[in-house]
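Note that these values count all heavy atoms, side chains included, but never hydrogens, waters or copies made by symmetry.
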Amino acid sequence: MHGLPRHGPRLGVAVRGNADVIALRNLVAAELHRFPELAGAWRHHGPAGHHPAVADALRSLAERGRLDIPDLETAIIQLYALLVFPHMVFSSYGTALDDATTDRLITSGVDMFLGHYALGGRRLAGGDLR
């Protein structure tokens, strides 16, 4: 539909399948107390600055009227929370999610994201449609 279902698995594999990325992320997280400028660098650039391709794709979908994304930064964080963060959490404890679980998380995560940001389909707190 939007390209997101096609690219969601790539994003998940890119994050969970690269041992160097996992090791670097864990090292940076462990050293934040000694090097607080690392956290400052993240805050300074924000999600759109770190993930310009994702930001550009979501911005384009919104501009073309395919999705209603009033807050791009929040949408990027939510997308990563659905597709990437489970692997980050599990890998930080030295475990991994299997391929079948990964597939289910990516498919349902993309469905949830698209359902939330679909034109006219977003729900407010309490389940009321907007």
Side-chain angles (χ1 to χ4, degrees):
M1 173 181 175
H2 302 290
L4 198 51
R6 186 173 32 125
H7 295 294
R10 289 185 198 167
L11 184 60
V13 169
V15 171
R16 80 180 188 114
N18 189 325
D20 292 336
V21 170
I22 293 168
L24 178 60
R25 186 184 61 242
N26 290 339
L27 176 64
V28 168
E31 293 298 328
L32 282 176
H33 69 285
R34 289 182 7 158
F35 302 101
E37 63 273 12
L38 293 172
W42 169 256
R43 281 191 304 272
H44 177 68
H45 290 99
H50 285 282
H51 308 284
V54 173
D56 290 345
L58 292 179
R59 190 179 297 111
S60 174
L61 289 168
E63 289 170 356
R64 292 185 321 202
R66 303 293 298 271
L67 295 176
D68 179 16
I69 301 177
D71 182 346
L72 184 63
E73 296 289 320
T74 297
I76 292 169
I77 293 168
Q78 290 170 331
L79 181 61
Y80 275 66
L82 292 166
L83 303 183
V84 177
F85 292 173
H87 296 288
M88 292 173 61
V89 170
F90 276 80
S91 70
S92 69
Y93 293 106
T95 60
L97 298 171
D98 61 50
D99 290 341
T101 302
T102 296
D103 289 345
R104 288 192 313 274
L105 285 169
I106 290 171
T107 299
S108 64
V110 168
D111 288 347
M112 288 173 67
F113 185 86
L114 293 176
H116 179 74
Y117 286 107
L119 294 176
R122 216 155 11 111
R123 297 184 184 276
L124 299 175
D128 297 329
L129 285 177
R130 185 171 74 127

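Residues L58 and Y117 have side chains not in contact (no heavy-atom distance under 4.5 Å, counting atoms from C-beta outward).
Contact record, D98 with T101: OD1-N, 2.7 Å, taken as the closest heavy-atom pair. A55 approaches I76 most closely through the heavy-atom pair CB-CD1, 3.7 Å. When all heavy atoms of A81 and P86 are compared, the pair lying nearest together is O-CD, 3.4 Å.
I69 contributes atom CD1, which lies 9.5 Å from atom CG of L119 (distance to the nearest 0.5 angstrom). To the nearest 0.5 Å, atoms NE2 (H116) and CG (L67) are separated by 10.5 Å.
Residues satisfying the salt bridge (Lys or Arg N to Asp or Glu O under 4.0 Å) criterion with D103, sequence neighbours excluded, are absent altogether.
Just one of V110, L105, D111 meets the side chain to side chain contact (heavy atoms under 4.5 Å, CB included) condition when paired with T107; it is D111.
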